[in-house]
Amino acid sequence: MTRMKDRPTVEGLPANWRRQAKSLRRYGGETPATAIERCADDLEATLVERDETTFSLVEASRESGYSADHLGRLVRDGKIPNAGRPGAPRIALKDLPRKAHVPADPRLAEKPRRSELSNRQIVQSIIEKGIE
């Protein structure tokens with residue numbers, strides 16, 4: 001059984017997968033190595049897209065658990081970068097503070113059947129929960 005501290009972070013998975021691909025290639029596993037590298041590329045692109053997603057103050061409030069007014073003050077005070085424009089602030093997910101009890105993505109709490117999951121949803125689930 002793998003201990004949690006031995007697992008890479010979600011952000012570290014692409015580099016870990018590339019190391020595994022390199023090892024596979026060394027032993028003649030070109031096809032699986034290429035597949036793993038493509039997964040690493042997809043995960044990296046999804047992580048960048050996720051981090052760059054922006055929210056209005058109302059949307060950010062729902063995601064973070066903080067009030068829209070509080071988040072607006074944080075943006076005005078320069079404690080959170082404004083990913084929008086003056087008068088229409090937006091907050092990037094990567095900069096969004098979260099209250100401890102608010103899940104990163106409440107939609108992931110729903111459990112669809114595996115046959116209903118798209119590749120993007122699977123990658124998103126890996127990002128949020130890690131590989132088990």
Side-chain angles (χ1 to χ4, degrees):
M1 181 174 185
T2 304
R3 294 186 333 234
M4 288 298 286
K5 71 177 188 171
D6 295 336
R7 289 184 177 176
T9 62
V10 171
E11 290 77 9
L13 280 173
N16 187 32
W17 290 347
R18 286 191 177 91
R19 281 191 299 278
Q20 291 175 7
K22 185 178 179 180
S23 183
L24 282 168
R25 250 192 205 96
R26 186 172 161 211
Y27 293 101
E30 183 65 35
T31 301
T34 299
I36 289 172
E37 287 171 340
R38 288 182 183 161
C39 289
D41 293 344
D42 288 348
L43 179 54
E44 275 183 339
T46 301
L47 288 170
V48 168
E49 183 180 323
R50 175 201 66 181
D51 289 346
E52 297 301 322
T53 299
T54 63
F55 299 99
S56 69
L57 295 180
V58 171
E59 294 166 334
S61 174
R62 281 192 296 258
E63 291 286 323
S64 70
Y66 289 100
S67 72
D69 289 338
H70 178 68
L71 293 170
R73 276 191 300 279
L74 292 175
V75 170
R76 278 191 304 281
D77 294 345
K79 294 179 180 174
I80 297 176
N82 185 358
R85 60 183 195 281
R90 294 186 71 80
I91 300 174
L93 181 63
K94 66 183 176 187
D95 299 318
L96 188 62
R98 289 194 198 293
K99 286 190 174 180
H101 68 279
V102 177
D105 189 346
R107 295 167 293 180
L108 293 178
E110 301 166 8
K111 294 258 185 177
R113 293 190 313 257
R114 285 186 182 251
S115 62
E116 296 174 347
L117 293 175
S118 70
N119 288 340
R120 179 172 285 279
Q121 289 170 313
I122 292 168
V123 170
Q124 186 67 35
S125 178
I126 290 170
I127 291 169
E128 296 297 331
K129 298 178 183 177
I131 296 177
E132 298 190 28

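FYI, the numbering just counts along the sequence from 1. Heavy atoms only: backbone and side chains are in, while hydrogens, waters and symmetry mates are out.
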As an exercise, state the distance from [atom1] of [X] to [atom2] of [Y], rounded to the nearest 0.5 Å.
X     : Y     : atom1 : atom2 : result
Leu47 : Glu52 : CG    : CD    : 11.5 Å
Leu13 : Arg18 : CG    : CZ    : 11.0 Å
Ile36 : Asp41 : CD1   : CG    : 12.0 Å
Thr31 : Leu24 : OG1   : CG    : 10.5 Å

Any side-chain heavy atom of [X] sitting closer than 4.5 Å to one from [Y]?
X     : Y     : value
Gln20 : Asn16 : yes
Arg25 : Thr34 : yes
Ser61 : Asp69 : no
Leu57 : His70 : no
Tyr66 : Leu74 : no
Arg19 : Ser23 : no
Arg90 : Glu59 : yes
Glu63 : Arg98 : yes

Please report the shortest heavy-atom distance between [X] and [Y], naming the atom on each side.
X     : Y     : answer
Ala88 : Asn82 : O-OD1, 4.5 Å
Pro97 : Ser64 : O-CB, 2.9 Å
Asp51 : Ala92 : O-CB, 3.8 Å

